[in-house]
Amino acid sequence: MKKIIFVFSILILGLQACYYDSEEELYPSVEIGCDTVNVTFSATVTGIFSSRCYGCHSNANANSYGEGIKLEDYQDVKNAADGGRLLGSIKHEQGYAGMPIGASQLDDCKISQIEAWINAGAPNN
Ligand code: HEC
């Protein structure tokens, strides 16, 4: 009887180990995380734009490279956000010019962060 209990508990421990292993493998992104809660204009949105968009849409470059569309000052970004152009372009939706031009699309996390900021009313935070 002792032997059976022993074998049985090894089996259960073994199963639990498998369960925890696969949970980590199944949900890696949840643990690493994409923070769409602590999203601000000054840090998150401007951070993404400065590395991926200012080459064409900074105040200095917009007229030469960005068709005059400026995405540096809050009010300019807010206008693009409110009109739906900002999200449409970074999500490559039909009817919008897909951004950034000539480079890879923003990754899913960055798109989600910008979308979260817009859904929060595009605050100047
Ligand atoms: C290499 C230059 C370049 C880069 C980099 C770039 N853009 Fe643009 N963007 C343009 C040009 C040129 C247009 C006008 C394109 C058109 O109307 O066909 C434009 C248009 C837009 C528009 C208006 C789109 C529409 O259909 O109304 C938005 C919004 C925009 N860009 C946002 C961004 C964002 C956000 C980024 C960074 C993720 C970015 N762009 C990166 C050159 C660029």
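Hydrogens, waters and symmetry mates are skipped; everything else that's a heavy atom, side chains included, is used. Atoms within each ligand, like the ligands themselves, are counted from 1 in listed order. Predicted, not measured: the structure shown is a model, and the values here were computed from it.
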Item to check | Cluster link F49 to M99, ILVMFWY, side chain under 4.5 Å | outcome: no
Checklist entry - To which of E67, H57, K70 does the heavy atom nearest atom 9 (N) of ligand 1 belong? => result H57
Next on the checklist: How far is atom 21 (C) of ligand 1 from the closest protein heavy atom, and which atom is that?
Outcome noted: M99 CE, 3.5 Å
Item to check | Euclidean distance, C109 SG relative to I48 CD1, rounded to 0.5 Å | outcome: 7.5 Å
Checklist entry - Taking only heavy atoms of L71, which atoms of ligand 1 are found under 4.0 Å from at least one of them? => result 32 (C), 33 (C), 34 (C), 35 (C)
Checklist entry - atom 27 (O) of ligand 1: which protein heavy atom is closest, and how many Å away? => result R85 NE, 2.9 Å
Next on the checklist: I'd like to know whether N119 forms a side-chain hydrogen bond (donor to acceptor under 3.5 Å, both in side chains) with E115, so could you lay out the CA-CA distance, the side-chain angles of the two residues, the decisive distance to 0.1 Å, and finally the verdict.
Outcome noted: CA-CA 6 Å; N119 288 341; E115 188 164 23; 4.7 Å; no
Checklist outcome for this item: Taking only non-hydrogen atoms of I69 and a 4.0 Å limit, the atoms of ligand 1 in range are 20 (C), 21 (C), 22 (C), 23 (C)
Checklist entry - Among all protein non-hydrogen atoms, which one is nearest to atom 11 (C) of ligand 1, and what is the separation to 0.1 Å? => result I101 CD1, 3.5 Å
Checklist entry - If we only count heavy atoms from C-beta on, is the R85 to I69 side-chain gap below 4.5 Å? => result yes
Checklist entry - R52 heavy atoms, cut-off 4.0 Å: which ligand 1 atoms fall inside? => result 5 (C), 37 (C), 41 (C)
Checklist entry - What is the nearest protein non-hydrogen atom to atom 18 (O) of ligand 1, stated with its residue, atom name and distance? => result A97 CB, 3.8 Å
Item to check | Protein heavy atom at shortest distance from atom 42 (C) of ligand 1 | outcome: Y65 O, 3.5 Å
Item to check | Backbone or side-chain N/O/S of S89 under 2.8 Å of atom 8 (Fe) of ligand 1 | outcome: no
Next on the checklist: Please report the interatomic distance CZ(R52) to CG(D107), rounded to the nearest 0.5 Å.
Outcome noted: 8.0 Å
Item to check | Min side-chain heavy-atom separation T36-S112 under 4.5 Å | outcome: yes
Checklist outcome for this item: Candidates P100, C53, A62; heavy atom nearest atom 34 (C) of ligand 1 found on C53
Item to check | Proximal ligand 1 atoms for Y96, defined as those under 4.0 Å from one of its heavy atoms | outcome: 26 (O)
Checklist entry - In terms of hydrophobic clustering (I, L, V, M, F, W, Y; side-chain heavy atoms under 4.5 Å; direct or indirect links), are W117 and L87 co-clustered? => result yes
Item to check | Enumerated ligand 1 atoms positioned under 4.0 Å from heavy atoms of C56 | outcome: 1 (C), 2 (C), 3 (C), 4 (C), 5 (C), 42 (C), 43 (C)
Next on the checklist: With heavy-atom distances below 4.5 Å as the criterion, would you say the side chains of L86 and I114 are in contact?
Outcome noted: yes
Next on the checklist: Quick check on contacts: which atoms of ligand 1 are under 4.0 angstrom from a heavy atom of I90?
Outcome noted: 35 (C)
Checklist entry - So, the side chain of S50 versus the backbone of G47: is there a donor-acceptor pair under 3.5 Å, distance only? => result yes
